[in-house]
Amino acid sequence: MKLISFQLSGRYGHFLKAECAVSALSYPVPPRTVILGIIGAVLGLEKDQPQQILEPAHIAIRGILPQTHWHKAKVRKDPPASLPMVIKKTQKGTADGKPEKAALIWQEWLFKPNYTIWISLPEPHLTYFEKRLVERRWYFQPCLGVTEMMADLNHLKSGEALALPESFYDVSTVFSPNDADLDMDKVFENKLSVHALRMPRTVSPNRIFSHTAYFIERNARYVQVKTDKAFKFGNEVLLFL
C-alpha cells in the first residue's frame, strides 16, 4: 500500500462536536471526515464529494492535543434586508430597516494545532494529491474546521507501507479499540494520559454520519497495543482511523 505523509497545521482550529447544541465544543483532532474534506479542497472537489469519491481511504493521524481557548463568536441567524435595485441621489437612510438577527455562542478554539497525517487513496486521486501537495497548490484554501481558520499543508514523505502480523506494537497514532487491545499495565507503568474519543468516521450522501470510538495519548507518546491491523511505514507503526 502506498502512503503519503504530510503535516497539517495552522494558528487556530475548531472541529465542531456532533452532539453539541449551544456551546460549541471541538474535537482535539480532525475527524476522518474532515481530513477527507481537506484533501478534497486540494483536489478541487465540491462540498460533500470527497467523503464519497475518495473512499475507500486509509488515514492515520498523530498529534499532541493542543491548548484550547473559549471564544464568543457572532453567528448570523437571518441575513439583513437586501439593498434596493435602484438608489436615488436624494434618497435618505431610514432607521426602520430590517434588524439583523444574530446569536453569540461560545466556541472552543484550538491553539496552534499541528498534526502528522498518513493517507492512502484510490488512484488516480493519490498520485494527483501527491503532485499538488509537493507543489503546494490547491484549488480551494484548506481550513481547520472553519473557513476563516486557514490550514497549511507540507509534504513529508511518500512510500510503501507493509502490513504487520498480529503482535504487540508501540503506536502513537489515534486508534480504535475495535482494532487494538490497549495494554493498561503499560499505560500505568509509563504514566500515560490516554483520552477516549468518539468521532465521525464516514458520512452518507444524505449527510448521515457513522461514529467510532478512539483512543489518543495526550502528548502523542507511544502506547503499547496488541493488534493485527498495524502497518509499518518507515520507522513508524500506524493504525488507521
Side-chain angles (χ1 to χ4, degrees), residues 2-18 20 24-69 71 73 75 107-159 173-174 197 199-205 207 209 212 214 216 220 233 238 240-241:
K2 181 179 179 180
L3 286 181
I4 297 173
S5 64
F6 64 94
Q7 184 182 35
L8 174 68
S9 61
R11 294 184 63 187
Y12 304 103
H14 175 75
F15 310 110
L16 179 64
K17 283 192 175 182
C20 287
L25 289 166
S26 172
Y27 295 112
V29 297
R32 186 176 182 274
T33 50
V34 171
I35 297 173
L36 288 174
I38 292 172
I39 298 171
V42 175
L43 297 178
L45 300 179
E46 296 181 5
K47 183 180 179 181
D48 297 332
Q49 284 188 336
Q51 292 80 2
Q52 312 303 324
I53 295 176
L54 301 180
E55 294 287 9
H58 294 83
I59 302 174
I61 182 172
R62 177 183 66 199
I64 297 175
L65 269 62
Q67 292 184 337
T68 63
H69 164 73
H71 172 79
V75 180
Q107 287 184 337
E108 185 184 27
W109 285 14
L110 310 178
F111 273 179
K112 297 181 179 179
N114 193 331
Y115 313 100
T116 302
I117 296 176
W118 296 263
I119 65 159
S120 177
L121 304 170
E123 292 291 5
H125 305 298
L126 184 65
T127 300
Y128 190 39
F129 176 74
E130 180 182 24
K131 174 180 172 59
R132 297 191 67 84
L133 186 63
V134 171
E135 297 174 352
R136 291 183 56 79
R137 295 189 298 124
W138 25 83
Y139 286 95
F140 309 111
Q141 172 61 52
C143 65
L144 294 170
V146 179
T147 54
E148 290 80 9
M149 299 178 180
M150 294 182 292
D152 188 27
L153 283 69
N154 287 288
H155 178 261
L156 297 177
K157 183 179 180 181
S158 300
T173 56
V174 181
L197 304 173
M199 299 190 297
R201 186 182 184 279
T202 61
V203 59
S204 71
R207 295 196 61 79
F209 290 84
T212 301
Y214 295 102
I216 179 174
F233 182 76
L238 308 176
F240 296 116
L241 297 176

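None of these values were measured; they are calculated from a predicted model.
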Could you tell me the separation between the [atom1] atom of [X] and the [atom2] atom of [Y], rounded to the nearest 0.5 Å?
X	Y	atom1	atom2	answer
Ser120	Leu3	OG	CG	5.5 Å
Met149	Thr147	CE	OG1	9.0 Å
Asn114	Ile64	CG	CD1	8.5 Å
Thr68	Phe111	OG1	CZ	8.5 Å
Ile53	Ile39	CD1	CD1	13.0 Å
Arg207	Gln51	CZ	CD	7.5 Å

Flag, side chain of [X] to backbone of [Y], donor-acceptor distance under 3.5 Å:
X	Y	answer
Thr173	Arg62	no
Glu108	Ser26	yes
Arg132	Arg137	yes
Gln141	Ala151	yes
Arg32	Ala57	yes

Minimum heavy-atom separation for [X] and [Y], please, with both atom names.
X	Y	value
Pro50	Gly40	CG-CA, 3.6 Å
Ile119	Leu126	O-CD1, 4.2 Å
Leu45	Phe140	O-CE1, 3.6 Å
Pro28	Tyr115	O-OH, 2.7 Å
Pro142	Val42	CG-CG2, 4.2 Å
Gly13	Pro113	N-CG, 3.9 Å

Chi angles and distances behind the side chain to side chain contact (heavy atoms under 4.5 Å, CB included) call for Val203, Leu36: CA-CA 11 Å; Val203 59; Leu36 288 174; over 6 Å; no
Pair Leu43-Leu54, side chain to side chain contact (heavy atoms under 4.5 Å, CB included): steps then yes or no: CA-CA 10 Å; Leu43 297 178; Leu54 301 180; 3.9 Å; yes
Basic-acidic side-chain contact under 4.0 Å: Arg136, Asp152: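 Yes.
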Charged N-O contact under 4.0 Å between Lys2 and Glu130: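 Yes, Lys2 and Glu130 are salt-bridged.
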Sole candidate of Val29, Val146, Leu110 that passes side-chain contact (heavy atoms from CB on, under 4.5 Å) when paired with Phe15: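 Running side-chain contact (heavy atoms from CB on, under 4.5 Å) over Val29, Val146, Leu110 with Phe15 returns exactly one hit, Leu110.
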Positive for side-chain contact (heavy atoms from CB on, under 4.5 Å) with Leu241, one of Thr33, Thr212, Ile35: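 Passing option: Ile35.
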Ring centroid separation Tyr27 to Tyr214 under 6.0 Å: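 For Tyr27 and Tyr214, the ring centres are not under 6.0 Å apart.
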CA sep, side-chain torsions, deciding dist, call: Leu144, Val34, side chain to side chain contact (heavy atoms under 4.5 Å, CB included): CA-CA 8 Å; Leu144 294 170; Val34 171; over 6 Å; no
Glu46 atom CD, neighbour heavy-atom count above 12 within 6.0 Å: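 Counting neighbours around CD of Glu46, 12 or fewer heavy atoms of other residues, nucleotides or ligands fall under 6.0 Å, so no.
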Gln67, CD: over 12 other non-hydrogen atoms inside 6.0 angstrom: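 Incorrect, the count does not exceed 12.
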Aromatic ring pairing Phe240/His58, orientation class (parallel under 30°, perpendicular over 60°, tilted between):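 Perpendicular.
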Verdict with supporting geometry, Tyr12 and His71, side chain to side chain contact (heavy atoms under 4.5 Å, CB included): CA-CA 11 Å; Tyr12 304 103; His71 172 79; over 6 Å; no
Lys NZ or Arg CZ of Lys157 over Phe233 ring: under 6.0 Å, within 45°: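 Judged by the rule, Lys157 and Phe233 form a cation-pi pair.
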